[in-house]
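Below: one structure, written as structure tokens.
What you see is a predicted model, and the numbers here were worked out from it, not measured in a lab.
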Amino acid sequence: MNDTSRTADASAVTLPETAAAHPEGAVRGRGRAVGPVALVVAGGLSVQFGAAIAVLLMPRAGALGVVTLRLILAAAVLLVVCRPRLRGHTRADWGTVVAFGAVMAAMNVLFYQAADRIPLGAAVTLEVLGPLALSVIVSRRPISLVWAGLALAGVVLLSGGGFDRLDPVGAAFALSAGAMWAAYIVFSARTGRRFPQADGLALAMAVGAVLTLPLGVAEAGSKLLVPSTLALGLGVALLSSVLPYTLELLALRRLPASTFAVLMSLEPAIAAAAGFLVLHQALSVTDALAIALVIAASMGAVRGRAPDL
């Protein structure tokens, strides 16, 4: 997932009792589930259409400039809203949040470098292999090999049998962003255990912004201060970071974390739609099939390690 602030620590969220525990409320429970599902889907739409706008912004500020604008503006909004407490944290707490911020910065830099070179749908499909690999490793079940094979088949189709159909540098950036996404999930959980609510996320976002600032200034310089560029950058920050995090945090209060994870597996399809509608990046039948295979593999891997589904 290319968004920097999207993975809330699901384990830290207190979920309500399911309708299955109370048969008389099952029907009402199904109705209530539509709300949080819609929130997750809206969050996914927000992230990927925000990424599409970011691609449109790249000719003005460059990929690194867009990353810098997104992280700085998102950090500013989150710091104002969350007002995280700076005192009372241990050295280990700060080490965790700094590592989280560094991973966040690396994930965004790598993803936007990929999106600058290959279609958005392909970039997100390759990126999602990182969390998928993490799910397979954590599961340690024989069926996980099936999902890994399915994902590999999707990647082979997407690359046309080799990455020469896609820009090889762009594909490498997307795969590297996937590895950072897996690390992001790990450090997000650790940060969530050490900091209340979204405090750790806001602080990590600030760390990521500081780390990417020199890169953005070196690439774009004063172009980052052009009012129209700043306005678009704020739009990207809100759509790709602040809004989806808020929507998904609300959804997780009423939705099992495993169901949330399955819905997140739809990200490549949403990204492909955003790329088509905003960037006019057409998909071939082979591309669509490849994305569908990776989505199916991701869903299967999540379900295989989620007994509450």
Side-chain angles (χ1 to χ4, degrees), residues 1-6 42-83 101-124 127 167 169-170 173-174 176-177 180 198 201-247 270-271 273-281:
M1 173 164 60
N2 51 304
D3 91 16
T4 59
S5 64
R6 308 198 49 222
L45 289 169
S46 181
V47 166
Q48 300 307 335
F49 277 87
I53 294 174
V55 174
L56 292 176
L57 185 56
M58 286 177 187
R60 297 189 182 196
L64 295 176
V66 173
V67 172
T68 298
L69 284 175
R70 174 181 169 174
L71 292 184
I72 286 179
L73 294 173
V77 172
L78 287 173
L79 288 172
V80 169
V81 172
C82 299
R83 296 183 181 181
V103 167
M104 184 186 296
M107 180 179 70
N108 279 272
V109 167
L110 292 167
F111 177 78
Y112 280 128
Q113 290 291 337
D116 195 31
R117 292 171 171 82
I118 61 178
L120 186 60
V124 176
E127 186 194 26
D167 182 294
V169 176
F173 274 128
S176 299
M180 289 297 99
L201 174 68
L203 293 171
M205 190 79 72
V207 171
V210 170
L211 291 176
T212 59
L213 180 59
L215 301 176
V217 171
E219 181 171 75
S222 60
K223 294 178 182 177
L224 296 176
L225 300 178
V226 175
S228 59
T229 300
L230 279 172
L232 286 172
L234 179 60
V236 172
L238 294 175
L239 284 173
S240 295
S241 297
V242 179
L243 180 60
Y245 173 76
T246 303
L247 292 174
I270 297 174
F276 175 75
L277 293 173
V278 179
L279 304 173
H280 309 293
Q281 297 174 341

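Of all heavy-atom pairs spanning Val207 and Ala102, the tightest one is CG1-N, 4.3 Å. Of all heavy-atom pairs between Ala52 and Leu279, the closest is O-CD2, 3.5 Å. Across all non-hydrogen atoms, the minimal contact from Gln48 to Ala271 is OE1-CB, 3.4 Å. Scanning all heavy atoms of the two residues, the minimum distance from Ala61 to Leu224 falls at CB-CD2, 4.1 Å. Here the shortest heavy-atom pairing between Met180 and Ala106 reads SD-CB, 3.8 Å. Residues Leu73 and Ala237 share a closest heavy-atom pair of CB-CB, 3.9 Å.
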Contacts table for residues 212-221: side-chain donor-acceptor under 3.5 angstrom, sequence neighbours left out:
residue	atom	partner	partner atom	Å
Thr212	OG1	Gly208	O	3.1
Thr212	OG1	Ala209	O	3.2
Glu219	OE1	Ala63	N	3.2
Glu219	OE1	Leu64	N	2.8
Glu219	OE1	Gly65	N	3.3

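Note: Met58 CE to Tyr112 OH = 6.5 Å, rounded to the nearest 0.5 Å. Separating the CZ atom in Phe276 from the CG atom in Leu120 is a distance of 14.0 Å, to the nearest 0.5 Å. Between the CE atom of Met104 and the OG atom of Ser241 there is a distance of 8.0 Å, given to the nearest 0.5 Å. The line from CE of Met205 to CZ of Arg70 is 7.5 Å long, rounded to the nearest 0.5 Å. In this structure, CZ in Phe111 is found 8.5 Å from OG in Ser240, a value given to the nearest 0.5 Å. Note that the CG atom of Leu238 and the OH atom of Tyr245 stand 15.5 Å from one another [nearest 0.5 Å].
Applying the side-chain contact (heavy atoms from CB on, under 4.5 Å) rule to Leu57 yields the partners Arg60, Val66, Leu69, Thr229, Leu232; only residues at least two apart in sequence or on another chain are considered. Applying the side-chain contact (heavy atoms from CB on, under 4.5 Å) criterion to Val210, with sequence neighbours excluded, gives no partner residue. Residues meeting the side-chain contact (heavy atoms from CB on, under 4.5 Å) test with Val81, sequence neighbours left out: Val77. Every residue two or more places apart in sequence or in another chain was checked for a side-chain contact (heavy atoms from CB on, under 4.5 Å) with Ala273, and none qualifies. For Gln281, the side chain to side chain donor-acceptor pair (under 3.5 Å) criterion is met by no residue, not counting sequence neighbours.
Of the possible donor and acceptor atoms, none in the side chain of Ser46 sits under 3.5 Å from a partner among the backbone N and O of Leu243. Panel note: side chain Arg83, backbone Leu79; no donor-acceptor pair is recorded below 3.5 Å.
Using a 4.5 Å cut-off on side-chain heavy atoms (C-beta onward), Asp116 and Phe173 make no contact.
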